[in-house]
Amino acid sequence: MPSLPDTISTPWIMWGIALFLLKHLAADFVLQTRWIAVGKQHRKAWLLPLTLHAGLHGAMTGLIFSVVAPSLAWIGLVDFLVHFAIDRAKAVLQSRLGLDAAKTGFWWLLGTDQTLHHLTHLGFAAVLAASRTL
């Protein structure tokens with residue numbers, strides 16, 4: 001089983017965290033159109049908007065790794081798959097539970113979604129930092 005080294009570069013973990021937080025801000029908020037945001041939540045016709053959204057996340061992660069650790073650019077595909085799964089699960093739960101912005105459960109679900117994305121990014125930042133210390 002792969003593991004992280006006992007020590008990793010503090011500057012690189014900080015840069016990694018900052019890069020992935022900025023990537024998330026750009027892909028989840030700045031570059032996400034209304035069509036994508038609404039479309040990925042639909043019960044039908046959700047596949048294309050969600051694929052484009054998760055694809056943007058994956059492409060941006062792939063770009064970060066391509067610049068900093070080119071041999072790990074494939075992690076962009078991992079980000080695509082993980083982001084797709086998290087967002088789809090959120091949409092299904094939101095629909096099944098009838099949650100909207102007026103209900104507390106909506107905000108719990110949104111917070112859980114964002115936390116899962118950030119935990120994913122912390123993992124990516126750790127891998128990035130470990131790759132810079134080898």
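- A heavy-atom distance below 4.5 Å is not found between the side chains of K90 and I86.
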Evaluate the side-chain contact (heavy atoms from CB on, under 4.5 Å) criterion for residues H53 and D87: first the C-alpha distance (whole Å), next the side-chain angles of each, then the deciding distance (0.1 Å), finally the verdict.
-> CA-CA 9 Å; H53 177 66; D87 279 14; 3.1 Å; yes

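- Rounding to the nearest 0.5 Å gives a distance of 11.5 Å between CH2 of W15 and CG of L128.
- Inter-residue side-chain proximity for L99 and W107 is flagged as unmet; no heavy-atom pair is nearer than 4.5 Å.
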Start with the C-alpha distance between F20 and T120, add both sets of side-chain angles, then the distance that settles side-chain contact (heavy atoms from CB on, under 4.5 Å), and finish with yes or no.
-> CA-CA 9 Å; F20 288 111; T120 302; over 6 Å; no

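- When hydrophobic clusters are built by joining Ile, Leu, Val, Met, Phe, Trp and Tyr residues whose side-chain heavy atoms come closer than 4.5 Å, directly or via intermediates, M14 is grouped together with L21.
- Heavy atoms only, all atoms of each residue included: Q32 and A27 are closest at CB-O, 3.8 Å.
- Minimum heavy-atom separation, P70 to S66: CG-O, 3.2 Å.
- No donor-acceptor pair closer than 3.5 Å links the side chain of S95 to the backbone N or O of A91.
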Chi angles and distances behind the side-chain contact (heavy atoms from CB on, under 4.5 Å) call for L48, W35 | CA-CA 10 Å; L48 181 58; W35 178 79; 3.9 Å; yes

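- When side chains are defined from C-beta on, R132 does not count as touching I8, because their heavy atoms never get closer than 4.5 Å.
- To the nearest 0.5 Å, the span separating CZ on F124 from CG on L119 amounts to 11.5 Å.
- Taking a 6.0 Å sphere around CH2 of W46, one finds it holds more than 12 heavy atoms contributed by other residues, nucleotides or ligands.
- By the neighbour-count criterion of 12 heavy atoms within 6.0 Å, atom CH2 of W108 is sparsely surrounded, having that number or fewer from other residues, nucleotides or ligands.
- Between I13 and I17 there is a side-chain heavy-atom pair separated by less than 4.5 Å.
- Between the CG atom of L56 and the OG1 atom of T33 there is a distance of 10.0 Å, given to the nearest 0.5 Å.
- Between the CZ atom in F65 and the CD1 atom in I75 there is a gap of 4.0 Å [rounded to 0.5 Å].
- The nearest pair of heavy atoms linking S131 to A69 is OG-CB, 3.4 Å.
- The aromatic rings of H57 and H24 sit tilted relative to each other, their planes meeting at an angle between 30° and 60°.
- The shortest heavy-atom contact between F106 and A101 is CD2-CA, 3.6 Å.
- Ion pair D28/K23 not flagged as a salt bridge, since none of the NZ, NE, NH1 or NH2 atoms sits closer than 4.0 Å to an Asp/Glu carboxylate oxygen.
- By the rule that hydrophobic residues join a cluster once side-chain heavy atoms approach within less than 4.5 Å of another member, I36 and L25 end up as members of separate clusters.
- In this structure, the separation between CG on L122 and OG1 on T115 is 10.5 Å, given to the nearest 0.5 Å.
- Residues R43 and R88 come closest through the heavy atom pair O-NH2, 4.5 Å.
- No continuous path of hydrophobic side-chain contacts links M60 to L19 [ILVMFWY only; heavy atoms under 4.5 Å].
- Taken from CD in Q94 to CG in D113, the straight-line distance is 9.5 Å, to the nearest 0.5 Å.
- Follow the hydrophobic side-chain contacts under 4.5 Å out from F84 and you never reach L93; the two are in separate clusters.
- Ring planes of H117 and H83: parallel class, angle under 30° (limits at 30 and 60°).
- Both W74 and L63 are part of a single hydrophobic cluster, where members link through side-chain heavy atoms under 4.5 Å apart.
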